[in-house]
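Residue numbers begin at 1 in each chain, while the letters A, B, ... track the order of the sequences.
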Amino acid sequence: MKTKSLTRFDWRSSFIYWMFALIFLFFGILLRNDGFLSPNNLLNIFRQTATISVVAVGMTFVIACAEIDLSVGGVAGLSSVVVAVTIRDHGAVAGVLAGIGVGLLVGSINGLLVSRIGIPSFLVTLGMQGVAVGTAALITNYAPIPILSDAFNRVFGSGSIGRFPSVIFWSFSAVLLGWITLTRTTFGRRILATGGNRDAAEFNGIDTKRIKFTVLLISSTVAAIAGMIYAGRLQTGRYEWGTGDELSAIAAVILGGTSLFGGGGTIIGTLFGALLVGLINNGLILAGLPVSEQQIIRGLIIILAVALAKKK
Amino acid sequence: MNAIEMKEINKSFFGTPVLKDVNFSVLPGEIHGLAGENGAGKSTLMKILQGVYTMDSGLIEVAGSPAEISSFQDARQYGIGMVFQEFSLIPELTVAQNIFLNREPTNKFRLISDRSSIAKAHKVLESVGIDIDVTVKVSTLSRAFQQLTEIAKAIAAEAKILILDEPTASLAKHEVDSLFKVLKQLTASGVSIIYISHRMDEIYQICDRITILRDGNLVAVDSLKNLSPQEVIAHITGRKDVEMLSYEGREVDRRSTPVLKVVELSAGDRVKKVSIELHAGEVLGFAGLMGSGRTEILRAIFGLDKVGSGKIYINGEEKTIKNPREAKGVGMALIPEDRRRQGLIMEHSISTNILSANLEKLSHFSFLNFQKINQFSQTAITDFEIRPPEAKREVKLLSGGNQQKVVIAKWVATNPSIILMDEPTVGVDIGTKVEIMKLVRSLAAQGKSIIVVSSELPELLGVCDRILIVKNGEVTDSLERYEIRDEDHLQLMLQGINA
């Protein structure tokens with residue numbers, strides 16, 4: 001007896017790329033006279049989606065593990081503020097360390113509450129989102145904190161390497177690291193096993209609690225780095241940076257083909273998911289639609305895309 | 001030297017001994033059958049061997065030297081592998097990825113090399129004669145191939161002793177043949193296999209020796225050449241000291257129109273041209289081995305599985321039943337096999353659970369009538385002797401037997417005329433078993449028509465007026481209760497051995 005070869009083409013697994021190509025083509029033709037295809041605009045799309053794709057890489061790990069992290073937006077905001085304040089008082093290097101420290105701290109708390117006490121990650125991170133944003137607002141009394149360190153601003157977002165803005169360097173590094181980790185390391189395999197069938201993973205000797213802790217730690221730390229990219233690009237720390245990013249990141253991950261129920265995950269898909277969200281935003285702005293209509297169309301496209309990508 | 005030697009193993013749960021001085025040994029390269037009724041102690045013995053349970057006293061030796069096995073990981077170290085029915089595969093990973101899960105081969109950068117795990121998986125599969133494309137996801141494989149993947153996984157982990165628990169329950173005939181071929185090939189390379197099964201024909205086909213347990217005692221160990229199937233069955237069932245429930249002859253009027261008539265019903269590949277007639281006040285039993293299609297017949301009648309062909313008549317009138325709501329509408333109720341997953345909401349109270357199937361009756365324009373609800377659940381608790389009699393108690397805090405009574409109470413409250421029961425006494429203590437069987441009888445006495453599916457033959461013999469033998473999705477025989485002499489007789493019929 002032989003296994004049936006899977007000759008049937010599974011278009012759903014490559015859905016995001018078709019969707020991306022289709023929407024790109026659509027805007028390319030529709031907006032050909034509005035500069036959509038100009039190199040500057042295309043670079044702009046990358047620049048605008050850089051933070052989302054960084055956050056989404058961390059989110060892919062969390063979702064592949066059948067958990068969720070709603071605190072990433074708040075963590076980005078808090079990190080931007082802590083970085084700005086620390087740079088003001090102690091210099092750029094201390095600022096970067098403090099920013100990463102924010103991610104590690106929040107991630108550890110999330111991870112411990114989820115893995116050791118067993119509170120669902122949805123609730124833990126929903127609560128933590130409020131705590132992070134509130135703390136950021138409290139530290140700065142709602143005021144933006146300007147960042148005067150040129151070096152920091154150049155490295156995190158304002159500078160460029162040749163023609164390429166440094167933010168793009170960050171997002172591609174995140175994607176590359178995430179891709180290798182998820183597909184080529186034992187840790188990545190353990191994440192997929194934990195998300196796919198937790199009991200089975202335990203039977204195979206995998207410490208699933210530790211895996212859950214670690215993915216939440218990674219997600220938060222990556223979100224803190226995204227906060228620094230905001231801070232560097234806008235040369236300011238502000239509690240509002242990152243607001244709503246958790247939803248865009250989740251949308252990117254799901255559009256990219258990662259199952260919301262865990263067990264599977266694709267970082268490259270996530271990158272294209274993030275780019276697709278950016279592409280839609282950019283196209284709708286160039287088309288000159290009012291914000292209200294942009295929101296409606298963006299929402300509908302995302303629902304439609306996820307519905308089409310859904311496996312039976 | 002024995003591959004495995006378990007000496008004078010004792011184990012009790014909450015003061016009740018389940019294994020009493022049991023000896024068990026397996027030779028290298030042997031396929032050793034392990035048989036006994038449900039609750040005889042087979043799975044407890046095997047769980048001790050895998051480190052899931054700790055024995056109270058006794059000794060385990062692996063290949064001649066004493067072994068301390070206190071966890072699943074320990075068992076694996078000693079080369080003991082369990083072929084799980086469904087637990088240990090990750091559906092979204094490929095066959096090769098599953099085989100090497102958590103011990104992936106890595107390259108010099110410590111990155112996983114899928115190429116080398118694919119090559120290694122190939123080699124393992126080839127060595128045992130399994131032909132599977134190792135790059136496909138496990139979720140796309142049939143149950144049989146998933147099982148073979150499990151076996152390959154254990155072999156790749158260098159298991160020397162494999163435990164298989166009812167491995168053929170969900171396999172088709174030709175799949176069983178290829179499984180057996182693989183097992184034979186494994187023993188040729190020195191692997192020992194412990195084969196747990198209820199199926200006599202398979203035991204005789206594949207096993208060299210057999211160990212039989214009854215009520216926690218070792219009752220026989222012998223080569224199958226020295227034992228006839230009749231003798232094996234006699235060892236398994238034993239002489240029951242106390243008759244749990246003896247059948248009381250009843251009159252069922254078979255001349256009237258049947259309450260439920262099923263004509264040549266087929267569904268999927270597990271229900272084939274099944275015809276049934278069930279009369280008012282009759283208790284009909286389905287006897288068959290695990291995986292014979294008993295459950296699937298009930299599911300098809302109840303509209304849970306898509307019916308391929310055939311007709312269903314209720315009181316002489318043809319009905320199409322496409323889903324459980326329609327089944328409920330024609331007066332049917334199904335007490336499902338797995339009450340925790342299919343029958344109850346474990347976190348809810350007794351009263352809320354009983355309520356869930358009776359919402360229309362207990363509300364007025366969609367508003368719940370709490371006075372009625374309280375009265376209603378109190379009546380059910382009294383009628384079905386649910387203990388403790390507290391309507392607000394969460395169902396998960398009840399014993400298995402009382403949980404089952406809640407399920408039955410819930411469905412009886414819908415006032416069905418036909419009650420389908422799938423393994424109603426599974427995981428229920430002996431006292432409550434008798435109570436549930438009495439309940440079945442009293443429901444029949446009230447004129448309800450009942451179908452009982454059970455693996456516990458004494459129970460079927462205690463309550464059923466007629467017993468159908470189910471095999472490979474077909475009804476192969478129909479026996480009046482008085483035609484069956486005793487449990488051994490029925491067991492032989494089930495196994496297809498002429499008595």
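Scanning both residues, B:Ile90 and A:Gly196, for their nearest heavy atoms gives CG2-CA, 4.0 Å.
Within a 6.0 Å sphere centred on CG of B:Asp305, other residues, nucleotides and ligands contribute more than 12 heavy atoms. By the 6.0 Å contact criterion, CZ on B:Phe72 is enclosed, its count of non-hydrogen atoms from other residues, nucleotides or ligands being greater than 12. Within a 6.0 Å sphere centred on CZ of B:Arg115, other residues, nucleotides and ligands contribute 12 heavy atoms or fewer. Taking a 6.0 Å sphere around CZ of A:Phe46, one finds it holds 12 or fewer heavy atoms contributed by other residues, nucleotides or ligands. Within 6.0 Å of the CD atom in B:Gln73, the count of heavy atoms belonging to other residues, nucleotides or ligands exceeds 12. Within a 6.0 Å radius of CG in B:Asp269, no more than 12 heavy atoms belonging to other residues, nucleotides or ligands are found. Shown here is A:Phe164, whose CZ atom has no more than 12 heavy atoms of other residues, nucleotides or ligands within 6.0 Å.
For A:Ser121, the side-chain hydrogen bond (donor to acceptor under 3.5 Å, both in side chains) partners are A:Glu67, not counting sequence neighbours. Residues forming a side-chain hydrogen bond (donor to acceptor under 3.5 Å, both in side chains) with A:Asp245 (at least two apart in sequence, or on another chain): A:Tyr230. B:Lys272 is linked by a side-chain hydrogen bond (donor to acceptor under 3.5 Å, both in side chains) to nothing, counting only residues two or more places apart in sequence or in another chain.
The closest side-chain heavy-atom distance from B:Leu89 to A:Asn197 is not below 4.5 Å. Contact check for A:Arg189 versus B:Leu93: side-chain heavy atoms found under the 4.5 Å cut-off. Using a 4.5 Å heavy-atom cutoff, the side chains of A:Thr186 and B:Leu111 are not in contact.
Most heavy-atom pairs under 4.5 Å with chain A, from the set B:Lys153, B:Arg110, B:Arg103: that is B:Lys153. When each of A:Ala193, A:Gly263, A:Gly264 is scored by its heavy-atom pairs under 4.5 Å with chain B, the top score falls to A:Ala193.
With a 4.5 angstrom heavy-atom cutoff, B:Arg76 touches chain A only via side-chain atoms. B:Asn107 touches chain A through its side chain: at least one heavy atom from C-beta onward sits under 4.5 Å away, while N, CA, C and O do not.
Checking A:Arg190 against B:Asn102 by side-chain atom types alone, a donor-acceptor pair falls below 3.5 Å.
Of all residues spanning residues 180-188 of chain B, none has a heavy atom less than 4.5 Å away from chain A's heavy atoms.
A:Arg184 contributes a side-chain N or O that, together with a main-chain N or O of B:Ile112, makes up a donor-acceptor pair within less than 3.5 Å.
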